Amino acid sequence: MTEATDLPLDDSIDKLTADAIEELGGIDDLERLEQWRVAYLGRRGRLTLILRGLSQMDLEQRRAAGALGNRAKLQLEERLTQRTLEINQTLLDRAAAQDSIDVTLPGRSPVPGRLHPTTQIVREICDAFVGMGFSVVEGPEVEWDRYNFEMLNIPQGHPARDMWNTLWVDYRNQAGQQPMLMRTHTSPMQARVMESMQPPIRVVVPGKCYRYEATDPTHEWHFYQVEGLAVDEGITFANLKGTLYEFARRLFGEERRVRFRCDYFPFVEPGVDMSIDCFACQGEGNGCRVCRDSGWIEIMGAGMVHPRVLAGVGYDPEKYTGFAFGMGPERIAMLKYGIEDIRLFYANDLRFLRQF
Ligand code: 2U9
C-alpha cells in the first residue's frame, strides 16, 4: 500500500481523497464521523497538513497544488455533510422504527377506576327513594348544635346527647358556648329543609357523619348515613311501612319480608326499627351467621316525626304529620356483600376496593 506522501503531490491528494471517501463510506455513526473529520480536515488533519505544506513550494506549483487541495477539501467536506445527513436519517428511521406504534399491537388498557363501594350503595339507596318521589339533598358536615340536636327534640343537657359521642369544634361564641360540631347524623339537614320550606316534603339526605368512637369491626369514627323525611297532610304510619317495605324489596329483592319493632329516637314518636328476613337463610335462622340465627337482619330505624320537631320549625302538628328514617350504608353493604369489618371501607386497600 503506497503512502500518499511519496507520490507526486497531485496524486497524493487524489489518493488521499479516494482513501478518505472510501473510509467515509464505511462509517455509520456520528462519533466515528467526527474522528474522520478530525483525521482529514481537522487542524492537524492529513489534508490540512498537505495544504499547509504548500507554503514551501514556488508560486506556480503552489497555485496548481492549492487549487487541487482546495477542491479535495471541498469534496471531502461535501461528502462529510452528505454522510452526516445519511447517518442522521438512519438514526431517525431507526428511532421511528423503535417507537413507531404497531397499531396491530393490543393497547395498554388503562385501569378504569370505579365508584367506591360506599358511594355505590349510597346511590343505590337514594335511587330507590328517588323512584318513589323523593329528592336527594346534601347538607354541611360541620353543623350547629341547634340543627344537630336542639331542633331534633334533644335540648341542652338532654341524656340522648350521650347516644352520640360528639366531636365538638374548638370554637366559642360571644356567650362562651361551643355551638359547633361535626354532625353525628344527617338529620340536621332535614331540620334545615323543614325550616326553609313548607310541606309537602319528600327528601333523602345522604352524607358523611362523625362520632368520637373507638373503631371496631362495626364502628368507624367517620361513616355515611342516608336519612329521609316525608312531611305532608295526612301522612300515616302505614305510609312509613309501605314506603320502607318497597325500599327493602328494591334493595334486597322482591321476595323480601320486613318486620317493624318499637325503638327509641328523640326525633320521632313512635320510633321503630325495621328488619328484613335474612337473605342468607331465608329467615330460617338455624345457625345462620349472617342473622346470628335470628332469621331477621335489622337494617334501619324510622318513626313518625315528633310533633315537637314539627312545631319547632313552625308546622302545625295538628295539620301536618310526617315519617322519617335513617340507615348506615356501610352496614347495608356489609350485609349485602358479606363484609366482616367496616374499617376495610376506608383502609384504601385496592385488594378490597377492586372487588366492587
Ligand atoms: C327530622 C326528623 C326525624 C331520622 C331518623 C333514624 C330513625 C335512625 C339511624 C341510622 C343509622 C341511626 O346511626 S344509626 O344507627 N337512624 O334509625 N333516623 S328516624 O329522623 C328524623 C330526622 C330529622 C327533622
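When a ligand or atom number is given, it counts from 1 through the structure's own listing order. The residues of the chain are indexed from 1 along the displayed sequence. Source: prediction; values computed, not measured.
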What is the ring orientation for [X] with [Y], classed by angle as parallel under 30°, tilted 30 to 60°, or perpendicular over 60°?
X: Trp144; Y: Tyr171; answer: perpendicular
X: Phe260; Y: Phe237; answer: perpendicular
X: Phe247; Y: Phe129; answer: parallel

Could you go through residues 104-116 and list every donor-acceptor pair under 3.5 Å that involves a side-chain atom there, pairing it with any protein atom two or more places apart or in another chain?
| from | atom 1 | to | atom 2 | distance (Å) |
| --- | --- | --- | --- | --- |
| Thr104 | OG1 | Asp102 | OD1 | 2.3 |
| Thr104 | OG1 | Asp102 | OD2 | 2.9 |
| Arg114 | NE | Phe356 | O | 2.3 |
| Arg114 | NH2 | Arg354 | O | 2.3 |
| His116 | ND1 | Thr118 | N | 2.9 |
| His116 | ND1 | Thr118 | OG1 | 3.3 |
| His116 | NE2 | Phe345 | O | 2.7 |

Give me the pairs of N or O atoms, one from ligand 1 and one from the protein, that sit under 3.5 Å apart.
| from | atom 1 | to | atom 2 | distance (Å) |
| --- | --- | --- | --- | --- |
| ligand 1 | 13 (O) | Arg211 | NH2 | 3.3 |
| ligand 1 | 13 (O) | Gln225 | NE2 | 2.7 |
| ligand 1 | 17 (O) | Gly301 | N | 3.3 |

I'd like to check the salt bridge (charged side-chain N to carboxylate O under 4.0 Å, His left out) partners of Arg257; sequence neighbours left out, ordered by chain and number.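 Per chain and number, Arg257 pairs via salt bridge (charged side-chain N to carboxylate O under 4.0 Å, His left out) with Asp277.
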
Just jot down the ring pair (Phe, Tyr, Trp, His ring centres under 6.0 Å) partners of Trp36, sequence neighbours excluded, or say none. Tyr40

